[in-house]
Chemist: 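Submitted below is the structure of interest, expressed as structure tokens.
Note: hydrogens, waters and symmetry copies are ignored here, and every other heavy atom, side chains too, is used. In each ligand, atom 1 is the first atom listed, and ligand 1 is the first ligand listed. These numbers were taken from a predicted model, which means no experiment stands behind them.
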Amino acid sequence: MMYFACLVKVDWNPDAEGLMQHAREIAKRVSNVLEKDGIDDIPCFQSYDAPLRDHLKTLNPEQMKLLLRDSISPLPLHKSLTLIDALNKCKVERYYNHEILAFAKALVYSISNLHFGPEVGIGMRKEDSPVISPWLSNIHDMTKDILDLNKNKNTPSVVHCGDSRQIFNLLERNSIDAVITSPPYPNEKDYTRTTRLESVLLGFIHDKTELRKYKQNLMRSNTRNVFKGDDDDIWIADFPEIQRIADAIESKRIELEKTSGFERLYAKVAKLYFGGMARHLAELRQLLRPGALLAYVVGDQASYLRVMIHTGQLLADISSSLGYEIMGIDLFRTRQATATKEHLREEVVVLRWPG
Ligand SMILES: C[S@@+](CC[C@H](N)C(=O)[O-])C[C@H]1O[C@@H](n2cnc3c(N)ncnc32)[C@H](O)[C@@H]1O
């Protein structure tokens with residue numbers, strides 16, 4: 001999903017007017033299809049009777065199982081799938097991706113029941129929601145951007161889809177001058193949940209096997225993302241501070257008699273996380289030009305039984321052991337930990353690769 005969004009965001013080729021016109025035609029078509037079934041896209045005029053309920057388009061059970069429960073109500077789902085159908089049937093190559101991305105945004109922020117606070121969850125369950133108008137409004141915003149930024153149209157950009165721990169074959173040696181990124185933190189957050197609804201509706205993930213494959217390419221930053229045979233921790237085996245943190249988490253777990261499968265993995269995730277970051281930083285070295293600058297935004301965490309993890313400092317220590325120069329650890333902002341009310345630092349670790 002992220003890869004797709006990036007691809008579209010750097011594609012300035014569609015002509016704004018053509019895109020808007022094509023989207024309006026599709027909107028009309030979807031409106032007609034819905035009206036034939038007695039469905040108005042604007043909820044206040046809805047006559048949503050029981051027989052209709054049985055004929056609504058929906059996802060197959062495998063896909064449904066992937067969604068956070070109540071992510072989207074049946075009627076908005078039906079309308080969304082009707083719009084996707086129309087987009088596929090009336091596909092015009094040069095507009096298609098923009099139209100799909102505009103739909104993804106409308107789906108998450110307007111059509112669905114999702115709420116970000118900042119973690120993804122379910123907010124108010126809306127029985128109905130307009131689908132066509134928020135989608136058209138996003139298309140309209142896109143056309144404005146395309147017009148406003150047209151002068152930069154020919155700035156080249158390439159988007160790669162890959163695992164940052166295995167980028168060796170994606171990028172050229174000695175080709176990178178700067179890296180700026182917000183990698184995962186060891187915070188028990190499952191990043192695949194954030195984009196789950198649109199990933200499933202747009203057909204990027206069809207079942208549990210595909211989800212698992214996708215998760216395997218992500219950093220191990222939460223216990224739902226740990227797999228048999230994971231061994232990124234070998235990369236930090238020589239870091240006593242990370243071993244100490246893992247031991248402290250495990251001792252606390254035993255002391256608190258926490259015995260679930262997830263809790264048993266807490267200490268392991270902490271080690272796998274820093275091991276994965278070490279692996280990324282080690283591999284990256286061959287791709288960097290001498291003098292390259294790097295910025296990593298990371299936050300302190302106390303998600304694992306309140307054991308404090310100073311992510312930025314540890315990342316700086318790992319980087320230093322790999323030959324990077326530490327230019328600074330800048331305070332970006334502080335956040336209050338939900339459990340302990342302590343102030344946690346969010347920092348930018350700035351590195352330089354001397355070559
Ligand atoms: C803290 S979030 C940053 C989100 C981003 N700044 C944004 O605004 O969308 C960390 C991101 O890293 C991604 N990620 C996790 N493991 C990765 C890996 N091995 N390679 C590349 N990206 C990864 C996650 O999916 C997540 O989107």
Chemist: Give every residue pair that meets the salt bridge (Lys or Arg N to Asp or Glu O under 4.0 Å) criterion with at least one member in residues 239-252, sequence neighbours excluded.
Modeler: E241-R244, E250-R253
Chemist: Measure from every N or O atom of ligand 1 to the protein's N or O atoms and keep only the pairs below 3.5 Å, writing each with atom names and distance to 0.1 Å.
Modeler:
from	atom 1	to	atom 2	distance (Å)
ligand 1	16 (N)	M219	N	2.9
ligand 1	19 (N)	D163	OD1	2.8
ligand 1	19 (N)	S164	OG	3.4
ligand 1	19 (N)	N217	O	3.2
ligand 1	19 (N)	M219	N	3.4
ligand 1	20 (N)	S164	N	2.9
ligand 1	20 (N)	S164	OG	3.1

Chemist: Decide yes or no on side chain to side chain donor-acceptor pair (under 3.5 Å) for Y96 and N88, but give the supporting numbers first.
Modeler: CA-CA 8 Å; Y96 183 73; N88 288 329; 2.4 Å; yes
Chemist: M2: which other cluster members, linking ILVMFWY side chains closer than 4.5 Å, directly or transitively?
Modeler: none
Chemist: Counting only heavy atoms not in E17, do more than 12 sit closer than 6.0 Å to its CD atom?
Modeler: no
Chemist: Does the ring centre of F4 sit less than 6.0 Å away from the ring centre of F204?
Modeler: yes
Chemist: Provide the full list of salt bridge (Lys or Arg N to Asp or Glu O under 4.0 Å) pairs with a residue in residues 194-211, sequence neighbours left out, each pair given once.
Modeler: D190-R196
